[in-house]
Novice: 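Mind having a look at this structure? Questions to follow.
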Amino acid sequence: MEDKKVIFSGIQPTGTFTLGNYIGAIRNWGSLQEEYNCIYCVVNMHAITVKQEPSKLRKNTLDAYALLMACGIDPEKSILFIQSHVKTHAELSWLLSCSTQFGELSRMTQFKDKSRRHPDDINAGLFTYPVLMAADILAYNADLVPVGIDQKQHLELARNIAQRFNQRYGELFTVPEAYIPEVGAKVMSLQEPSKKMSKSDENPNACILILDDKDTIIRKFKRAVTDSEAEICYREGKDGINNLMTIYSSVTGKNFDEITSEFSGKGYGDFKLAVGEAVADHLAPIREKFAQFSSDKEYLKKCYTEGAEKALAYSQRIVSKAYRKVGFVDKK
Ligand code: TRP
């Protein structure tokens with residue numbers, strides 16, 4: 001693990017991932033493994049900032065882990081682990097919280113949104129969520145952090161915290177950069193293509209889950225909202241078709257011109273069916289691998305135990321230095 005830049009990213013255990021999570025993030029995580037030292041984490045500690053059913057959280061965490069493996073993250077090549085297994089995250093989070101201002105956290109739009117959505121549970125963890133996220137990243141001196149646009153503000157805060165700590169106590173943390181993929185960064189709702197595809201959408205047809213079966217996928221694509229023209233091309237104002245073209249392009253590797261000529265003279269019905277089939281074919285092996293990994297509890301356990309050991313060894317060096325810098329007495 002030398003010389004290469006370090007990538008860190010985390011994903012919340014929300015049950016299953018959407019096609020949007022997959023195309024916009026997780027798929028790229030796998031392809032970064034050769035070029036970088038990759039560290040990926042299922043952030044179950046972040047998850048409890050909103051109410052969780054404990055047995056469900058446990059299952060969702062293991063499913064998320066198995067799903068990441070099914071999506072091509074190889075625990076031999078990357079460090080893949082569960083956040084709560086590695087104590088340095090909470091430890092560093094406390095240190096960093098003392099270098100974070102109340103005002104900064106109050107300005108986080110995600111905090112404001114979530115407080116509005118859960119007015120009966122505006123807990124301190126929800127407020128300090130971005131500090132724990134900064135700890136995740138800084139504990140590994142990550143250079144690059146693949147995140148969606150919605151996490152950019154949190155990453156900006158992590159940078160500020162790193163700089164402030166370094167100024168106050170002397171150079172220690174790498175100031176991380178956001179790494180936002182160029183293509184397929186955003187997959188939109190199939191029902192309201194001006195909105196991001198989201199699992200929490202009330203309309204189940206709006207969102208493809210990566211464990212959906214073939215029939216479900218095709219049915220959802222057949223119902224996708226398009227426009228009243230009959231032209232398959234990427235153009236402003238054609239949100240629905242643009243979204244389908246983006247999805248089709250990212251699972252087949254074809255560019256927009258190729259797609260336009262492939263479907264010239266054909267109708268939207270044919271196109272939607274082709275997109276549905278291409279997506280279903282693309283996701284089928286992931287579904288199979290997920291079934292295999294999640295049923296092999298022993299193997300899964302071996303992977304996440306070893307992942308946690310590697311993550312601890314890696315982050316402990318950095319967090320110990322941070323302890324020393326702030327003036328904590330050495331244990332031995
Ligand atoms: N907050 C991120 C999200 O909801 C998840 C996350 C937690 C994360 N820690 C991280 C992402 C560290 C990148 C790096 O998407």
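Throughout, residue positions are numbered sequentially from 1 according to the sequence presented. Indexing begins at 1, ligand by ligand and atom by atom, following the structure's order. Values reported hereafter were calculated over all heavy atoms of this structure, with side chains retained and with hydrogens, waters and symmetry mates removed. From a predicted model like this one, the values you see are computed outputs, not experimental measurements.
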Novice: Which ILVMFWY residues are connected to V225, directly or by a chain of links, through side-chain heavy atoms under 4.5 Å apart?
Specialist: none
Novice: So is K114 actually on top of Y129's ring, under 6.0 Å and inside 45° of the axis?
Specialist: yes
Novice: Which residue, T174, V175, I137, forms the side chain to side chain contact (heavy atoms under 4.5 Å, CB included) with R159?
Specialist: V175
Novice: Is it true that D113 and R117 have a side-chain N and a carboxylate O under 4.0 angstrom from each other?
Specialist: no
Novice: Hey, are R219 and D212 close enough for a salt bridge, meaning a charged N less than 4.0 Å from a carboxylate O?
Specialist: no
Novice: Donor-acceptor pair, distance only, cut-off 3.5 Å: does the side chain of K272 make one with the backbone of K222?
Specialist: yes
Novice: So which residues, sorted by chain and number, lie with a heavy atom under 4.0 Å of ligand 1?
Specialist: F8, S9, G10, Q12, V43, H46, Y129, M133, D136, I137, V145, V147, Q151
